[in-house]
Amino acid sequence: MARKIIIDTDPGQDDAVAILLALASPELEVLGLTCVAGNVPLDLTARNARIICELADRRQMPVYAGCDAPLSRKLVTAEHVHGKTGLDGPTLPDPTMPLQDTHAVDFIIDTLRIQDTGSVTLCPLGPLTNIAAAFERAPDIIDRVQQIVLMGGAYFEVGNITPTAEFNIYVDPEAAKIVFAAGAPLVVLPLDVTHKALTTQPRVDAFRAMGTDVGRAVADWTGFFERFDKEKYGSAGAPLHDPCVIAYLLQPDLFSGRDINVEIETASDLTLGMTVADWWRVTDRPANALFIGDVDADGFFALLIERLARL
Ligand code: BDR
Ligand code: CA
């Protein structure tokens, strides 16, 4: 039986690749896409999610708009990485499929209550506002979550939006604190992993060589956001962050990590949004996350290319 997931997302080119990977994979049943403000404001992330579904020819996929701002802070966006639309790169048609009337937070709550306990996995690819809002409003759903597998945080890589914070956690640290403290089984794919999954030229060429609309779009997307990271890091390509979440669900043996304690900094101006990960287990704080540290990058891209070619 396919594993049921909800993808909570702020597309974002790398979110787009993650969504396509999930839609291409029969092992996963995507119950819906819930959108959140992050890389760009909510109206654009909700639009982009539908562009992606239409590219994959999945117009029936329910797409929900959620929170348009962090729980208690002003929204920080990342147009400098993702472009004005959040999905800059290829020219894709405006979406015509509808946005659902239900709020994303209500959809998350209702779905977890309706589905069997332990049968729904949450896959957050953006700031954790929607998930935290759902947990705050309906704490009964926390025990019903099978697993949360999220992209966010960093230990060895420390930060990308500030010297000490990763973007998704930094945008809504209060939400991250709620999710990391909730007690649901948690798997974290931090920058430490995603910075090993680089879109090198041969990998981008392989997307383009598919000769499909999806292959061309993915090559154009990665080509677009690469320019920023290659210049910043002097690397051979850009980290392909969010697809690591879906790849972990499909092939966890590509990844390795440690069960450790991870706390979120919410008070310090200097280190706001830092994921204080006890990688070396120097405290006796209890483990609350499987914090991934390594990935077989060639295996990851082989999976991605094989799956995206199906669309
Ligand atoms: C994360 O931030 C966003 O810009 C990406 O989509 C990814 O989810 C990486 O820090
Ligand atoms: Ca994202």
Side-chain angles (χ1 to χ4, degrees), residues 6-22 33-42 44-49 51-52 63 66-67 70 75-89 104 122-131 148-173 175-176 179 187-199 218 221-222 224-229 232-233 235 237-248 264 272-275 277 291-292 295:
I6 295 173
I7 302 180
D8 189 71
T9 178
D10 64 337
Q13 294 89 347
D14 61 319
D15 301 68
V17 180
I19 293 166
L20 292 172
L21 176 60
L33 302 183
T34 54
C35 300
V36 68
N39 286 322
V40 285
L42 181 69
L44 286 173
T45 62
R47 177 178 181 276
N48 292 346
I51 291 176
I52 298 156
V63 176
C67 299
L75 178 65
V76 175
T77 53
E79 285 88 354
H80 59 294
V81 183
H82 300 275
K84 213 161 156 301
T85 65
L87 218 46
D88 280 21
L122 303 177
C123 301
L125 309 179
L128 290 160
T129 320
N130 285 342
I131 310 296
I148 303 171
V149 184
L150 66 84
M151 191 278 134
Y155 179 68
F156 294 97
E157 277 290 336
V158 197
N160 61 356
I161 186 75
T162 75
T164 58
E166 180 279 329
F167 180 79
N168 289 341
I169 306 296
Y170 177 77
V171 172
D172 200 343
V179 171
V187 181
V188 178
L189 282 301
L191 296 180
D192 309 328
V193 175
T194 67
H195 280 228
K196 292 173 181 154
L198 297 180
T199 56
V218 170
W221 279 327
T222 48
F224 180 85
F225 74 73
E226 260 188 358
R227 89 216 177 285
F228 176 81
D229 283 322
K232 179 176 169 191
Y233 296 110
S235 53
L240 197 52
H241 306 284
D242 294 338
C244 289
V245 165
I246 306 299
Y248 176 84
I264 311 295
L272 185 70
M274 185 174 192
T275 43
F291 198 81
I292 304 294
V295 58

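From a predicted model like this one, the values you see are computed outputs, not experimental measurements. When a ligand or atom number is given, it counts from 1 through the structure's own listing order.
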**OP:** To the nearest 10 degrees, could you say what angle the Ca ion (ligand 2) makes with OD2 of Asp242 and OD2 of Asp15?
**Re:** 70°
Original post:
Is there side-chain contact between Gln13 and Asp88, with at least one heavy-atom pair below 4.5 Å?
Top reply: yes
Subject >> Shortest protein contact, atom 8 (O) of ligand 1 (heavy atom only) >> reply: Asp242 OD1, 2.7 Å
Original post:
Do Val158 and Pro163 come within less than 4.5 Å of each other through their side chains, counting heavy atoms only?
Top reply: no
Original post:
For ligand 1, which atoms sit closer than 4.0 Å to a heavy atom of Glu166?
Top reply: 1 (C), 2 (O), 9 (C), 10 (O)
Original post:
For the side chain to side chain donor-acceptor pair (under 3.5 Å) test, which of Asn48, Asp10, Asn39 pairs with His82?
Top reply: Asn39
**OP:** Report yes or no: does Val81 have a heavy atom closer than 4.0 Å to ligand 1?
**Re:** no
**OP:** Mind telling me whether Phe228 and His80 have parallel, tilted or perpendicular rings, with 30° and 60° as the class edges?
**Re:** perpendicular
Subject >> Side chain, backbone, both or neither: Thr194 near ligand 1, heavy atoms under 4.0 Å >> reply: neither
Original post:
To which protein heavy atom is atom 3 (C) of ligand 1 closest, and what is the distance rounded to 0.1 Å?
Top reply: Asn39 OD1, 3.1 Å
Original post:
Looking at Leu191, Val193, Asp192, which hits side chain to side chain contact (heavy atoms under 4.5 Å, CB included) with Phe156?
Top reply: Asp192
Original post:
Does the gap between the ring centers of His195 and Tyr233 come in under 6.0 Å?
Top reply: yes
**OP:** Give a yes or no on whether Leu125 keeps an N, O or S atom under 3.0 Å from the Ca ion (ligand 2).
**Re:** yes
Original post:
For His82 and ligand 1, does the shortest N/O to N/O distance drop below 3.5 Å?
Top reply: yes
Subject >> Leu125-ligand 1 polar pair, N/O distance under 3.5 Å >> reply: yes
Original post:
Just checking, any donor-acceptor pair under 3.5 angstrom between side chains of Thr34 and Asp8?
Top reply: yes
Subject >> Of the N, O or S atoms in Asp10, the one nearest the Ca ion (ligand 2) >> reply: OD1
Original post:
Any donor and acceptor pair, going by atom type alone, linking the side chain of Thr45 with main-chain N or O of Val36 inside 3.5 Å?
Top reply: yes
Original post:
Can you check whether Asp14 has an N/O within less than 3.5 Å of an N/O in ligand 1?
Top reply: yes
